[in-house]
Each structure stands twice: as structure tokens, then as C-alpha cells.
Amino acid sequence: QVQPVESGGGSVQAGGSLRLSCVISKYIYSGNYMGWFRQAPGKEREGVARISPTGGITDYADSVKGRFTISRDNTKTTIYLQMRSLKPEDTAMYYCAAVMFRTWKTKPGTTWGRGTQVTVSS
């Protein structure tokens, strides 16, 4: 399996919470920075959060800082995105991918998964 498998999305009201999961192959996961991305209709895909291989360093887009938390479980080759205080503008399809060191640039040969839809109503 090369494509990541994202899950955990859903429909919530503003102020609510969701926890996304992404299972990714060990070949892609091990030793790499991992990132969460999102794409809203009519907009380009944007980086949301990223985490270092050991989990010790995390970075966030300004729009989600203080509300989202990225984490990883290296025993399960899984990354998570805990989302709190959700806003309508967080509505998007969410994806995960391996990224270059502390950037939003994906690794060469990246294959995107199907994503998981997050819809936040006001």
C-alpha cells in the first residue's frame, strides 16, 4: 500500500472538535517529516501542520495555530490531527503526506490518498 489512508472526518458545528488519523506505509513514514494538508473547493491545497520524525518538532499554519495539534505514533506508522474550536473556514478535504525537512514541500513521488472530509457549519 503506497497511498495514505485518512479517516476521522465528519460534519460538526463551529466550536466542535474532530480527530483525524492517517495510516501510511512504513516505507514512506519512517524517518520522514509528516504533514497534514487541506484543500477547500476552488482553492489550492495548503499545509496545515507538520511533525518531525521523532515528534519533537511541530509547525503549524498561522490559521490553525493554537487550535490544531499534530502527533504521531511510530509503532503504528500513523499520524493524527486533533482539531479543536473548529471554524467554518476549516471546511476542506484533509490529506497527509511525507514532506521535506520543515517545509510544506512533499517528497518526490508522493501519491495522495483519498482524503477525509471535514465540514464545519456555523
Side-chain angles (χ1 to χ4, degrees):
Q1 174 179 323
V2 178
Q3 284 184 329
V5 179
E6 300 94 348
S7 64
S11 296
V12 297
Q13 289 191 327
S17 300
L18 285 172
R19 188 192 192 212
L20 308 184
S21 300
C22 173
V23 180
I24 194 163
S25 74
K26 185 177 181 180
Y27 173 75
I28 297 172
Y29 181 95
S30 297
N32 282 321
Y33 265 78
M34 296 299 300
W36 280 101
F37 295 78
R38 67 185 181 187
Q39 187 168 20
K43 295 187 176 181
E44 292 189 355
R45 186 152 24 205
E46 63 174 351
V48 174
R50 59 181 178 243
I51 187 167
S52 64
T54 61
I57 300 173
T58 56
D59 299 301
Y60 298 92
D62 288 343
S63 58
V64 306
K65 205 170 289 185
R67 300 187 298 120
F68 290 11
T69 303
I70 188 171
S71 60
R72 66 193 292 165
D73 184 338
N74 290 347
T75 66
K76 298 179 180 179
T77 65
T78 300
I79 63 169
Y80 304 97
L81 188 68
Q82 178 68 53
M83 306 186 295
R84 297 183 176 87
S85 301
L86 283 161
K87 304 176 181 180
E89 50 263 44
D90 295 319
T91 295
M93 189 72 79
Y94 284 71
Y95 305 86
C96 69
V99 296
M100 306 292 280
F101 179 77
R102 297 200 80 173
T103 72
W104 298 119
K105 188 175 182 180
T106 56
K107 299 282 266 186
T110 289
T111 301
W112 294 99
R114 294 184 176 182
T116 187
Q117 178 68 38
V118 171
T119 303
V120 185
S121 58
S122 58

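Below, each value reflects all heavy atoms present in this structure, side chains not excepted, and no hydrogens, waters or symmetry copies.
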Hey, does [Y] have a side-chain heavy atom less than 4.5 Å from the side chain of [X]?
X     : Y     : value
Thr78 : Tyr29 : no
Ser17 : Met83 : no
Lys76 : Val23 : no

Please find the pair of heavy atoms, one from [X] and one from [Y], that lie closest to each other, and give the distance.
X      : Y      : value
Pro88  : Ser122 : CG-CB, 3.9 Å
Pro108 : Met100 : CD-SD, 4.2 Å
Leu18  : Gln82  : O-NE2, 3.5 Å
Gln117 : Thr91  : NE2-CG2, 4.1 Å

Worksheet item: What pairs of residues pass the ring pair (Phe, Tyr, Trp, His ring centres under 6.0 Å) test when at least one of them lies in residues 46-92, not counting sequence neighbours?
Response: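 Qualifying pairs, neighbours excluded: none.
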Fill in: Pairs flagged by ring pair (Phe, Tyr, Trp, His ring centres under 6.0 Å) wherever residues 88-122 is involved - sequence neighbours left out
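Pairs touching residues 88-122 that pass the test: Tyr33-Phe101, Phe37-Trp112, Tyr95-Trp112.
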Worksheet item: Out of Val120, Asp90, Thr119, which residue meets the side chain to side chain contact (heavy atoms under 4.5 Å, CB included) rule with Val12?
Response: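 Among the candidates, only Val120 passes.
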Starting at [atom1] of [X], measure out to [atom2] of [Y] and round the result to the nearest 0.5 Å.
X     : Y     : atom1 : atom2 : result
Ser21 : Glu6  : OG    : CD    : 10.5 Å
Ser7  : Leu20 : OG    : CG    : 8.0 Å
Asn74 : Ile79 : CG    : CD1   : 11.0 Å
Leu81 : Ile70 : CG    : CD1   : 6.5 Å
Met34 : Ser71 : CE    : OG    : 12.0 Å
Thr58 : Arg72 : OG1   : CZ    : 11.5 Å

What side-chain donor-acceptor pairs closer than 3.5 Å can you find for residues 41-54, not counting sequence neighbours?
residue, atom, partner, partner atom, Å
Glu46, OE2, Arg38, NE, 2.7
Glu46, OE2, Arg38, NH2, 3.3
Arg50, NE, Asp59, OD2, 3.1
Arg50, NH2, Arg102, O, 3.2
Ser52, OG, Gly55, N, 3.3
Ser52, OG, Gly56, N, 3.1
Ser52, OG, Ile57, N, 3.0

Practice prompt. Is it possible for you to say whether Leu86 and Val64 belong to one hydrophobic cluster, with membership spreading through side-chain heavy-atom contacts below 4.5 Å?
Written response: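 Yes; Val64 is reachable from Leu86 via cluster members.
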Worksheet item: Is there any salt bridge (Lys or Arg N to Asp or Glu O under 4.0 Å) pair reaching into residues 105-122, and which pairs are they, with sequence neighbours excluded?
Response: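 The answer is none; no pair qualifies.
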Worksheet entry | All salt bridge (Lys or Arg N to Asp or Glu O under 4.0 Å) counterparts of Arg84, not counting sequence neighbours |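 By the salt bridge (Lys or Arg N to Asp or Glu O under 4.0 Å) rule, Arg84 matches no residue at all.
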Item to complete: Please identify each residue that fulfils salt bridge (Lys or Arg N to Asp or Glu O under 4.0 Å) with Lys65, with sequence neighbours left out.
Response: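 Expected list: Asp62.
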Worksheet item: With no hydrogens and no angle check, is any side-chain donor or acceptor of Thr106 less than 3.5 Å from a backbone partner on Val99?
Response: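 No.
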